[in-house]
Amino acid sequence: MAGRARELTRLWSKYAGMNLLTLIRSRRSAAIEIGTDVVLNVAVVSTSLLLAQRFNGIGQWDKYQIFFMLGYAMTVNGALNIFFGYNLRMISRRIGRGQLDHMLLQPQPFWRTFITEGFMPFSEPSVLVIAGAFMGWSAARLPAGVTALWVIALVANLIASGGIVMAFQVIWGAIAFWAPMSAEEISSSTNRMVLQLGTLPLNVVATGLQATLVTVVPVGLTAWLPARELAGPGGPGLGALATPLAAPVFLILAVLTFRRGLAHYAEIGSQRYLSFGHRR
């Protein structure tokens, strides 16, 4: 276990160094990259943010509960971009373009490559800092206040939400194993779906649609459901366990789907290197 941890740390440090080098080679490029990420993430939540401020809330939620949910969503998104922005979050590109072969040839376990490749701690932290500050500021104004139990529930739900988002990306991205040309960019669509729908309060949505948005398309688990349980007047109750309990289910489905696709890939190979392939 200690050896695995050292190897992960070593690889993360290597990718962090490469990320730093890409930034310091040009101050202009670094400013554009970081500024663009901040603007994009703020733009995603701006609609709900402005509506909540203008009308002092949305539906049953007051504005601070909405602010907390938006900060929660930005925190999940920022953390995932740091760890998975260059690989798992856009896994359909890797599969559809034949780049999976490069990962399979590396002299290390497949899972380690997925976890460490593309680690970007210097490109994305600005978003995470803004999101964390925004979430902390709004959390201090919630009815139930902040307690040790609340912080534990928050951390557990943040990790679970991130796991569900990545599982959702992998499940849909695995379609590229069977349809590499048509599904190469499917991860872009599912990622956009999470970003756009994951920041909306779903309280007033019909029950059937709510069930769909926390199961088949689990955007409700990326911010709305955990924020509802954490930002409620009574503080976190049993409902705060819903997202952490759902995360293992989605992760198991993602692993099974990916392994099934990988078995298919082992039989047919990549079209990238064939004369009739869509990539050369």
Side-chain angles (χ1 to χ4, degrees), residues 4 8 69 72-85 87-92 94-95 100 109-115 149-178 183 186-203 205-232 236-265:
R4 289 183 177 181
L8 287 175
M69 183 189 71
Y72 184 102
M74 288 179 65
T75 301
V76 172
N77 182 54
L80 292 180
N81 280 341
I82 286 176
F83 285 95
F84 305 113
N87 49 27
L88 281 184
R89 195 149 195 184
M90 296 295 175
I91 188 62
S92 66
R94 291 297 179 92
I95 299 169
L100 201 66
F110 204 39
W111 63 267
R112 187 181 295 160
T113 303
F114 269 139
I115 291 176
L149 176 62
W150 187 91
V151 173
I152 293 172
L154 171 65
V155 173
N157 276 270
L158 285 171
I159 295 172
S161 292
I164 289 171
V165 172
M166 295 314 306
F168 180 62
Q169 290 292 93
V170 170
I171 290 170
W172 280 96
I175 295 175
F177 281 120
W178 290 272
I186 194 171
S187 290
S188 299
S189 299
T190 53
N191 188 55
R192 188 161 52 248
M193 184 187 303
V194 170
L195 292 176
Q196 293 176 350
L197 298 181
T199 57
L200 299 177
L202 305 177
N203 299 59
V205 173
T207 304
L209 183 55
Q210 274 189 11
T212 301
L213 294 176
V214 296
T215 52
V216 180
V217 184
V219 293
L221 297 176
T222 64
W224 169 70
L225 184 61
R228 185 188 71 177
E229 300 301 326
L230 293 166
L238 292 178
L241 297 174
T243 303
L245 290 176
V249 177
F250 281 98
L251 290 171
I252 290 172
L253 287 174
V255 171
L256 293 176
T257 304
F258 190 83
R259 290 184 66 179
R260 180 71 178 272
L262 197 60
H264 178 73
Y265 188 78

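Computed from heavy atoms alone, side chains included, the values below leave out hydrogens, waters and symmetry copies. Please read all numbers here as calculations on a predicted model, not as lab measurements.
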Side chains of [X] and [Y]: closer than 4.5 Å at any heavy-atom pair?
X: Asn77; Y: Val165; value: no
X: Phe250; Y: Val170; value: no
X: Val217; Y: Trp172; value: no
X: Ser188; Y: Met90; value: yes
X: Leu200; Y: Trp224; value: no
X: Phe168; Y: Leu221; value: no

How long is the gap from [atom1] on [X] to [atom2] on [Y], to the nearest 0.5 Å?
X: Ile252; Y: Thr257; atom1: CD1; atom2: OG1; value: 11.5 Å
X: Leu230; Y: Leu225; atom1: CG; atom2: CG; value: 9.5 Å
X: Ile164; Y: Ile159; atom1: CD1; atom2: CD1; value: 12.0 Å

Short question: side chain of [X], backbone of [Y] - any donor-acceptor pair under 3.5 Å?
X: Thr222; Y: Pro218; value: no
X: Thr243; Y: Ser161; value: no
X: Ser187; Y: Gly173; value: no
X: Gln169; Y: Ile91; value: no

Item to complete: Assess whether side-chain contact (heavy atoms from CB on, under 4.5 Å) is satisfied between Tyr72 and Leu154, documenting all intermediate values.
Response: CA-CA 9 Å; Tyr72 184 102; Leu154 171 65; 3.9 Å; yes
Which heavy atom in [X] sits nearest to a heavy atom in [Y], and how many Å separate them?
X: Thr199; Y: Ala73; result: CG2-CB, 3.8 Å
X: Ser92; Y: Ala176; result: O-CB, 3.8 Å
X: Asn87; Y: Phe114; result: ND2-O, 3.0 Å
X: Gln210; Y: Leu202; result: NE2-O, 2.7 Å
X: Ile95; Y: Ala174; result: CD1-CA, 4.2 Å
X: Arg89; Y: Asn81; result: NH1-OD1, 3.0 Å

Worksheet item: In this structure, which one of Thr215, Leu209, Val216 forms a side chain to side chain contact (heavy atoms under 4.5 Å, CB included) with Leu213?
Response: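 Result for side chain to side chain contact (heavy atoms under 4.5 Å, CB included) with Leu213: Leu209.
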Worksheet item: Do Arg228 and Asn203 get their side chains close enough for a donor-acceptor pair, meaning under 3.5 Å?
Response: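 Distance-only check fails for Arg228 and Asn203.
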Worksheet entry | Parallel, tilted or perpendicular: ring planes of His264 versus Trp178, cut at 30 and 60 degrees |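 Ring orientation, 0 to 90° scale: parallel.
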Item to complete: Kindly check if the number of other-residue, nucleotide or ligand heavy atoms within 6.0 Å of CZ (Arg112) is above 12?
Response: yes
